[in-house]
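In what follows, chains are A, B, ... by sequence order, proteins preceding strands, each numbered from 1.
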Number of protein chains: 2
Amino acid sequence: MADDPTDRTPRTLTAPDASAAASFVAAAVERDALATLFGRCTVEYDGRAASSLASGDRHVMLKPDGTALVHTDEGQKPVNWQPPGCAHECRANGGDLVVESVRDSPAERLTVRFSAVAFAAAFDPTDEESLDVVGTEADLKRRILEEPGLVESGFRPLATERQTPAGAVDVYGEDDAGRTVVLELKRRRVGPDAVGQLNRYVEALERDLHAGATIRGLLVAPSVTERARALLAEEGLEFVPLSPREES
Amino acid sequence: MADDPTDRTPRTLTAPDASAAASFVAAAVERDALATLFGRCTVEYDGRAASSLASGDRHVMLKPDGTALVHTDEGQKPVNWQPPGCAHECRANGGDLVVESVRDSPAERLTVRFSAVAFAAAFDPTDEESLDVVGTEADLKRRILEEPGLVESGFRPLATERQTPAGAVDVYGEDDAGRTVVLELKRRRVGPDAVGQLNRYVEALERDLHAGATIRGLLVAPSVTERARALLAEEGLEFVPLSPREES
DNA sequence: AATTCCATGTCGTTG
DNA sequence: CAACGACGTGGAATT
């Protein structure tokens, strides 16, 4: 059974010594299994930045796509990690189990050194499904294109992702007076950054079309912070309250 | 041994039925252990957005701080998750194990329904250590304050985090001609967003000080993209190449 | 490979 | 609690 590659039974190991753990993890990595380890370890990282973490109990996951994750008992983000595409290696060193995940470009190395492994497990996951998310900026755009009057009476969308020297505009169109209108869409409450983004597009289009062109810039989002509202006013831009999901 | 709260041996369960798995996970959550599950499940999420994921093999982690993570065999980010502060519940329902993590404000619910649990484990992690990272924007600031000439000959820093109507400026100072200088620092190669940020600060200060004030805005980063460079030129801003770590 | 921008971003700090 | 900005942001789409 242990040699059947279609076997979905997990392999496990409790309190192994370093060499048993190394063999176990090496075999799991070799056969593209998802390996997990729990135990007392230190973690070193060097690459885009560098970090060091003293000894403590952590959970380590090695994925077959080259991802490595180190989790403590707190936080949604791993305390250390390595992105997909890395090569996982492991070896016994002294009495320790050393797990390393390495990649080039950028050159990065993650080193986890276990002084004690409490537990190891390896799984062979099969997952053909993909996630379907609702309530994104794309949904907001869809809503607007289906019902332009949600933005304002008489608004007519002419293009999406229209290019400008400053980047692509989310939605480009005209108002009922024939003036050019630029929409910047956000799925949630917006701060000053989104105002800056919209302003870049408006200024780029004003330069690009012709000197005297009057272009309206509308920030479309569920709500806006005070500072963002002040910036909008300074720049002569407008805010339109609208949510990606039907309710507001 | 199983009742010793200081016991660091993990508890494990292989191919449990739904009610055994539910008891096991409930006990782990109750005693603030870190619980992991591996098996075939569906995942539903509703909250800031909403999502649905059909049946597949996944790894689920429930942390004592209320974090929930659902990982597939690919990717650094969990396919679904719930942030710290959630309440974990679990129950047997039909032949399934249902795990839910819920929070209010914002109202969010994650529901994982296992048709089969291949494996469950619970750990009692102790981790007093905190991570030390090097190569951040704070390091870049430190470098500049220790050796202002790295920015340009004669630069004199006067304040950090100086407030403006548009937010706080990273570093505020004067050049050798006595002109006001604003620095925006970035730890890595920058795009148009950072230029917009710097421009907001410069314009706010020009308004704030007096009408005719000439203020130099310097973007300090390892490098800059072409579009960002063009935007800098348009706005009359400058770029200074400098890295958070000693080398460039 | 590089650029740009969205994200259920997450996370820390500050008011 | 809201707001603001950094992050080893990650990830997708486009060039």
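Contacts of A:Ala107 with the nucleic acid, taken as non-hydrogen atoms under 4.0 Å apart, are absent. Among the protein residues, B:Glu184 comes within range of the sugar-phosphate backbone only, with heavy atoms under 4.0 Å from sugar or phosphate atoms but none that close to a base. Among the protein residues, A:Pro192 comes within range of the sugar-phosphate backbone only, with heavy atoms under 4.0 Å from sugar or phosphate atoms but none that close to a base. Residue contacts shown for B:Gln197 are limited to sugar-phosphate atoms, with no base heavy atom under 4.0 Å away. At a threshold of 4.0 angstrom between heavy atoms, the contacts of A:Arg200 are confined to the sugar-phosphate backbone, with no base atom among them.
Judged purely by distance below 3.5 Å, without hydrogens or angles, the side chains of B:His71 and A:Lys63 pair a donor atom with an acceptor atom. Using a 3.5 Å distance cut-off with no hydrogens or angles, the side chains of A:Gln197 and A:Lys186 do pair a donor with an acceptor. Using modelled atom types and a 3.5 Å distance limit, the side chains of A:Ser51 and A:Asn80 yield a donor-acceptor pair. In this structure, a donor-acceptor pair under 3.5 Å is absent between the side chains of A:Thr67 and B:Gln76.
Dashed line: the shortest gap from a side-chain N or O of B:Tyr201 to OP1 or OP2 of D:dG5 is under 4.0 Å. Phosphate contact (OP1/OP2 of D:dC4, side-chain N/O of A:Thr225, threshold under 4.0 Å): present. OP1 or OP2 of D:dC7 has not a single side-chain nitrogen or oxygen of A:Arg48 nearer than 4.0 Å. Distances shown here put a side-chain N or O of B:Ser105 below 4.0 Å from the OP1 or OP2 atom of D:dC1.
Across D:dC4 and D:dG8, the matching P atoms stand 23 Å from one another, rounded to whole Å. Separation of the P atoms belonging to C:dT4 and C:dT8 is 23 Å when rounded to the nearest angstrom.
Spacing between atom CG of B:Asn199 and atom C1' of D:dG5 amounts to 17 Å, rounded to whole angstrom units. Distance B:Gln163 CD to D:dG5 C1': 12 Å, rounded to the nearest Å. Rounded to a whole Å, the CZ atom of A:Arg187 is 17 Å from the P atom of D:dA12. Taking atom CZ on B:Arg227 and atom P on D:dT14, their separation rounds to 15 Å, with Å as the unit. Atom CG of A:Asp170 and atom P of D:dA13 are 16 Å apart (whole Å). The interatomic distance linking B:Glu137 (CD) with D:dT9 (P) rounds to 11 Å, in whole Å. Taking atom CZ on B:Arg245 and atom P on D:dG8, their separation rounds to 12 Å, with Å as the unit. In this structure, B:Asp193 places its CG atom 13 Å from P of D:dC7, rounding to the nearest Å.
For the atom pair CD of A:Glu238 and CG of A:Leu219, the computed distance is 10.5 Å after rounding to the nearest 0.5 Å. Distance check, rounded to the nearest 0.5 Å: CZ of A:Arg187 to CZ of B:Arg48 gives 7.5 Å.
Residues from residues 72-85 of chain A placing a heavy atom under 4.0 Å of any atom in DNA chain C, listed by number, are A:Gly75, A:Gln76, A:Lys77.
Residues satisfying the ring pair (Phe, Tyr, Trp, His ring centres under 6.0 Å) test with B:His59, not counting sequence neighbours, are A:His59.
Between A:Val79 and A:Leu53 the shortest side-chain heavy-atom distance falls below 4.5 Å.
Along DNA chain C, the nucleotide nearest A:Ala168 and the nucleotide nearest A:Gly135 are compared for position; the residue whose nucleotide lies closer to the 5' end is A:Ala168. Comparing B:Ser51 and B:Arg189 along DNA chain C, the residue whose closest nucleotide (by nearest heavy atom) sits nearer the 5' end is B:Arg189.
Candidate nucleotides D:dG8, D:dA6, D:dC4 were compared by shortest atom distance to the side chain of B:Lys186, and D:dA6 ranks first.
A donor-acceptor pair is defined here as one N or O able to donate and one able to accept, closer than 3.5 Å; no such pair exists between the side chain of B:Arg216 and the backbone of B:Val181. Judged purely by atom type and a 3.5 angstrom limit, A:Arg189 uses its side chain to pair as donor or acceptor with the backbone of A:Val224.
The span of DNA chain C lying next to chain A, judged by atoms under 4.0 Å from heavy atoms, is bounded 5' to 3' by C:dC5 to C:dC11.
Residues B:Thr72 and B:Arg58 approach most closely at CG2-CG, 3.9 Å, considering heavy atoms.
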